[in-house]
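One structure below.
When a ligand or atom number is given, it counts from 1 through the structure's own listing order.
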Amino acid sequence: MELEVWGARGTSPVSGSRFNHYGGHTACLALRAGEDLVVLDAGSGAAALGEKLVRSDIRRVHVLLSHFHHDHVMGLPYLVLGAGAGRRLAIHACGLTADMLRDSLYRLFSEPYFPAQETQLFSGVSLHAHAAGDAFSLGEGTRSGGTVAVRAEPLRHPGGASAFQLAGCGKALAYVTDIEESPEPPPALIELCRGADMLVHDTMFTGEEIETRRGWGHSTIEAALALAEAAGVRRLAGFHHNPSHDDLVLSRRDEEIAARRAGAFLLREGQVFHI
Ligand SMILES: [Zn+2]
Ligand SMILES: [Zn+2]
């Protein structure tokens with residue numbers, strides 16, 4: 001499977017030369033498995049992904065939304081438009097009913113907040129609402145390995161959010177973002193991440209910053225390292241970078257996390273990994 005980073009920032013997009021190295025777009029990762037593309041969140045980075053999809057040979061696009069905060073959905077309409085004709089497009093979210101999923105999307109992307117009729121924008125899209133902690137599979141499976149098994153786990157975050165484990169081709173990716181820091185890694189999350197080839201984890205705050213940001217629903221390098229250790233993951237990738245942390249700050253934190261665990265680093269927009 002191939003993982004491409006379209007946005008690694010959290011909360012709000014940023015731009016300017018101080019942010020070029022790690023990138024300014026918010027949460028969006030794309031995992032390719034054969035003719036299937038699984039998109040983890042559709043933050044501002046999803047708009048550029050939508051443009052690329054217009055010319056790609058991807059046949060099915062599956063969007064997994066961790067939750068509906070703006071930094072995770074603001075690029076969704078452009079991804080939907082880019083995926084367009086000739087491809088099947090599905091949106092999945094967990095911990096809510098089908099009505100809640102449809103209402104949340106329709107409310108976000110219709111007048112007066114968005115210049116389209118919601119029924120137009122989502123007319124060709126299949127919406128899938130799953131129970132919290134559900135397991136399901138994506139794709140039809142091909143010789144090149146198009147089937148991805150998904151497991152979800154609810155996270156402590158204002159309004160709720162879900163972590164995902166994606167497994168395919170004998171490899172696994174764990175995606176744990178927008179999670180309130182806890183002193184010990186939650187047992188259910190250790191299980192979700194156990195043995196993963198890569199863990200992408202919220203590292204928004206420093207150990208000092210978190211003291212005045214309790215209840216904001218975000219985490220630290222220390223908590224990410226503790227979960228990586230408990231679950232025995234191969235690589236740890238810090239994610240959901242604070243918009244007030246420029247390249248100078250993030251490169252220092254990158255060195256710090258690498259020094260504390262082999263194979264740990266901060267994700268950068270534009271990176272591509274083979275998992
Ligand atoms: Zn977020
Ligand atoms: Zn959030």
Report, one line per pair, each donor and acceptor closer than 3.5 Å where one atom sits in a side chain of residues 188-200; sequence neighbours left out.
{"from": "Glu191", "atom 1": "OE2", "to": "Arg194", "atom 2": "NE", "distance (Å)": "3.2"}
{"from": "Glu191", "atom 1": "OE2", "to": "Arg194", "atom 2": "NH2", "distance (Å)": "2.8"}
{"from": "Asp197", "atom 1": "OD2", "to": "Ala172", "atom 2": "N", "distance (Å)": "2.9"}

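- Here the two rings, on Phe273 and Phe265, have centers that are under 6.0 Å apart.
- Among residues two or more places apart in sequence or in another chain, the side-chain hydrogen bond (donor to acceptor under 3.5 Å, both in side chains) test is passed with Glu2 by none.
- Excluding waters, the set of protein N, O or S atoms lying under 2.8 Å from the Zn ion (ligand 2) comprises His67 NE2, His69 ND1, His157 NE2, Asp178 OD2.
- Apart from Met204 itself, the hydrophobic cluster it occupies contains Phe205, Ile210, Trp216, where clustering links Ile, Leu, Val, Met, Phe, Trp and Tyr at side-chain heavy-atom distances under 4.5 Å.
- Remark: Arg32 does not engage Glu4 in a salt bridge, criterion side-chain N to carboxylate O under 4.0 Å.
- Using a 4.0 Å cut-off between charged side-chain N and carboxylate O, Arg252 and Glu256 make no salt bridge.
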